[in-house]
Amino acid sequence: MLATIGRRLLTVIPTLIGVVIVTFLLTRVLPGDPAVYFAGPAATPQSIADIRKGLGLDRPLPEQFARYVNDLAHGNFGNSLSTGRPVATEITSRLPASAELTFLGLILSLVIAVPLGILAAVKQGSWIDHTCRVVATAGVSLPVFFTGLLLVYIFYYQLGWAPAPIGRLDAFATAPPNYTGFYLIDSLVTGNFETFRAALSQLILPAVTLAVFSLAPIARMTRASMLAVLASEFIRTARASGLDTRTVIITYAFRNAMLPVVTTLGMVFSFLLGANVLVEKVFAWPGIGSYAVEALLQSDFAPVQGFVLTMAVMYVVLNLLIDILYGVIDPRVRLEG
Amino acid sequence: MSDVTDKVPLSHDGAALPLLDVRNLTVEFATRRGTVRAVKNIDITLAKGETLGIVGESGSGKSVTSYAVMRILDRAGSIAEGSVMFSNLDLRAASETDMRDLRGREMSMIFQSPRLALNPIRKIGHQIEDVLLQHAQADSGSVSDKAIEVLESVRIARPRERYHAYPFELSGGMCQRVVIALALACRPQLLIADEPTTGLDVTTQKAVMDLVVELTRERAMSTILITHDLGLAAAYCDRVVVMEKGNVIETANSSTIFKQPGHAYTRKLMRATPRPGISLRDLLPDEDAARAGPILNKTAAAGETPLLTVENLVKEYPRKGVATSIKKMFGTTPVPESDVFRAVDGISFQIGRGESVGLVGESGCGKSTTSMMLMRLIDKTSGTIMFDGEDIGAIPAKDFATLPQRKRIQMVFQDPTDSLNPRFTAARAIADPLLRLSKIGRGELRSKCEELATQVGLPLEFLDRFPHQLSGGQKARVGIARAIALKPDLIVLDEPTAALDVSVQAVVLNLLQDLKDSLGMSYLFVSHDLNVVRLLCDRVIVMKAGQIVEQGPTERVMDAPQADYTRDLLAAIPHPPI
């Protein structure tokens, strides 16, 4: 098992090298000249040239690249031009915000979608199956900003049940000490239930928004995969041996149906992490997605590079985890390693 | 269970009650094209301790009958009429909970394709435990010992280790033993075996059947053996029921059914079953045999140079393992001798022009690897393959597909369904090699396809159908037409009739023989069915563990085998009481 993981890690290296090269080149070919942007409207050619020189943009590309790699090796992601703060600190403070939101959204989605998918497959053609189809289709066809705004309108503006969508905590609560960066966990660890409640109440609406969106792929995949497995011959054997329905469906069918679901889960997660920009905008969430978009609009390439690189690493780690999970679920995968 | 065996339930008039009494059973399936009656008003009785064979071809309703008895029909199927009495219990009226208790404990089933019948990602020991725990045959403390005991009872060597094995780590025969263990774990009274040995080698088939018979006899169980193989049924059963299209057409003792088959269909089925001492034409009904005329049988003239000469052919595969794959990743150190597996271990043989050679052996003996190398689909490790004076073994397999030699060696595959592109019509499938390897014009293509279809006896109106709209026999014909489209000199036939019903197999075998004679082709016929090889082949090669143990003229090898292994293979064929 360890050998498999080790070998799998080795294959990650070329991927990461590729990502570093691509992000570097990509930010250089982006339209807009950062030097011009930062020199301001009253800039003279001389001042633009100075700024360009200060940023190192007058150097040949290979040299810029060498310096970029050298910086990366020292954990230096560069400084944001617009805020002046180091990208690395920005990302480490914003990533947990996005991750916490995405995790909670995904867990919510899983808790609803997987049982729904299983039930839809077991009772194919019943009202549960149709409900599953309708919920999934509706969830995926509503744009996230719309769902988000709708939820805010109903639960904050009309009913007043939810707090104002103004970030991770309301103005009166204090942020818990930073252990994991996840407010829910940090506040629980320190026994600060007041903060926990405040953080949770801020999280619920955006997390539900994400869950509604990610419900569809998970539920549909669970259903399809369960249907395929339920039709297979070992299910017939299990039934012919008189095993009870629960064992047949959970131990025999669902465990076999889990592989495609896990794959989908990985895809949905990485997709959500980057693509929840709109949710972050609607709920004023200080996440990594909104950070990257703002930087992109200002041709501020260091944060963009940092963002893409972080996402790539996350994606690689996630895929590794999924591969390991495959091995845990399916002994045949373990052997091939 | 002892009280059950002692006190046989009696009916009102005092006669012993049958264990299973199926009366007037009708099973219907709801399909898109309306209701289909898969089983029509059948009666079957099974006495205690009796072994009953249900024989029929695909679509005869034999499996559906057993599913109805177990009440495991799928959603679309339902029992429309009739009664199923198990001892004195009405199974049709029993609740689902009662049925669940009966299944596995009082009546159980073993299935075709044992590997698929087991949960692929659960240890076999745990699968047996599931059944034992479900039927309260053991508590959680003793269950693993009990499971090992059950594995031992089906003669699985080293059961303590095998307990932790997954199905993919076991051979097909071993998996079937596990399926039997599952079925017999709770000592049921009735065992239904649905094609339990289809897809297994003859020797494994014999071992599995002998085990089933021994265990069921020992436990005074009743058995229903569902099979398409009349010989197997007659050899192992007390009585045989013959089914056709949902009807029971004949019930007889197996000792008499071969001597005096009562129904015309039974006679047809018996005729079509390959057996020693007959010719290919004898498989067909009289009128078809008369129409086909005598077999021309142009065998290779002596002295002529052989079409194919194989010398010292070897194929090695690296053994799978962490050590070798790491070595492969880092550097070029040659793989040590012990790390390679010789699938084909230095074999030499010849195939003459117009000759048909049978290649037989059990699964894993290297016969498929050999045929793949001859087809130039995989590269050999060493040795030569001389085809008509040219060493085609030297041509890399990846280049062979576009060379003119490709036209001269073609193949007919085992599974007629899987070997056809589901999105190609029959005509398109037949035309495929013509389009790729010949310079045929668009205009002639259709007429050429029609000519080929006529040659293989495929009615022309089927040419525009897709594979799923064709029967097994028709698909086999499409596969053969595709193989002969380029007028090859050699056709490799990889178990071309293994997936077909016997009556269809009889027709296809005759077709193959006639095509060979009229087109002057040579065949390499890969099979594990020795009776079929005996009918079709001039010479036989017997392989075991990558080596040839015996080769020679078919009659000599079959009637006076020299090697022990050949004798074992021949002895394992079920011999019906004739």
Side-chain angles (χ1 to χ4, degrees), chain A residues 1-11 13-14 121-126 129 225 227-262 325-337, chain B residues 63 66-67 69-75 96-123 126-128 130-135 164-169 178-179 182-183 185-186 188 192 194 320-323 325-326 329-330:
Chain A
M1 193 72 190
L2 275 177
T4 317
I5 296 172
R7 241 173 303 137
R8 193 58 189 68
L9 275 175
L10 283 181
T11 62
I13 294 169
V122 172
K123 303 195 182 300
Q124 193 194 352
S126 69
D129 192 11
S225 160
L227 278 180
V229 173
L230 282 174
S232 59
E233 297 190 16
F234 66 88
I235 295 297
R236 192 177 57 191
T237 314
R239 287 176 64 207
S241 322
L243 298 187
D244 62 41
T245 321
R246 230 185 84 90
T247 317
V248 171
I249 289 173
I250 303 299
T251 319
Y252 281 69
F254 181 60
R255 264 201 68 193
N256 276 282
M258 250 158 76
L259 282 183
V261 177
V262 167
L325 206 56
Y326 268 12
V328 172
I329 298 171
D330 192 337
R332 288 166 295 186
V333 178
R334 246 175 272 169
L335 208 84
E336 282 154 20
Chain B
S63 290
S66 64
Y67 294 164
V69 169
M70 296 282 289
R71 289 243 320 253
I72 53 169
L73 289 165
D74 59 26
R75 207 185 304 268
E96 181 54 32
T97 323
D98 291 342
M99 279 312 294
R100 205 159 56 216
D101 287 341
L102 286 176
R103 286 184 213 126
R105 202 186 67 202
E106 299 297 333
M107 49 206 282
S108 56
M109 235 177 134
I110 55 183
F111 298 93
Q112 193 176 344
S113 45
R115 211 186 289 275
L116 297 178
L118 293 169
N119 187 342
I121 60 170
R122 198 163 171 79
K123 289 177 179 175
H126 292 165
Q127 298 193 39
I128 291 172
D130 288 338
V131 178
L132 290 170
L133 291 171
Q134 177 74 44
H135 298 295
H164 296 286
Y166 292 97
F168 72 94
E169 296 170 319
V178 176
V179 175
L182 270 182
C186 303
I192 302 176
D194 186 3
K320 274 185 192 159
V322 179
S325 52
I326 284 181
M329 240 176 106
F330 301 97

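Reminder, nothing fancy here: chain letters follow the sequence lines and each chain counts from 1. Since the model is a prediction, treat every value here as computed from it, not as a measurement.
Between B/N119 and A/T251 there is no side-chain heavy-atom pair separated by less than 4.5 Å.
Ranked by heavy-atom pairs under 4.5 Å with chain A, the list B/L133, B/L182, B/V131 is led by B/V131.
The backbone N or O of A/S241 sits less than 3.5 Å from a side-chain atom of B/H135, completing a donor-acceptor pair. B/Q134 contributes a side-chain N or O that, together with a main-chain N or O of A/D244, makes up a donor-acceptor pair within less than 3.5 Å.
Interface remark: B/M99 contributes no atoms to any contact with chain A (heavy atom separation under 4.5 Å). Of the two parts of B/P120, the backbone and the side chain both hold a non-hydrogen atom closer than 4.5 Å to a non-hydrogen atom of chain A. Using a 4.5 Å cut-off between heavy atoms, B/I72 touches chain A through backbone and side chain atoms alike. B/T97 does not touch chain A: none of its heavy atoms, backbone or side chain, sits under 4.5 Å away. For chain A, no part of B/D101 is nearby; none of its heavy atoms comes within less than 4.5 Å. Residue B/L73 touches chain A through its backbone alone, counting heavy-atom pairs closer than 4.5 Å. Neither the backbone nor the side chain of B/R115 comes within contact range of chain A, judged by heavy atoms closer than 4.5 Å.
Shown here for B/G104 and B/S108, the closest heavy-atom pair between the two residues is CA-CB, 4.0 Å.
With rounding to the nearest 0.5 Å, the separation of CZ in A/R236 from CG in B/D194 is 6.5 Å.
A salt bridge is defined here as a Lys NZ or Arg NE, NH1 or NH2 lying under 4.0 Å from an Asp or Glu carboxylate O, and B/R103 with B/E96 meets this definition.
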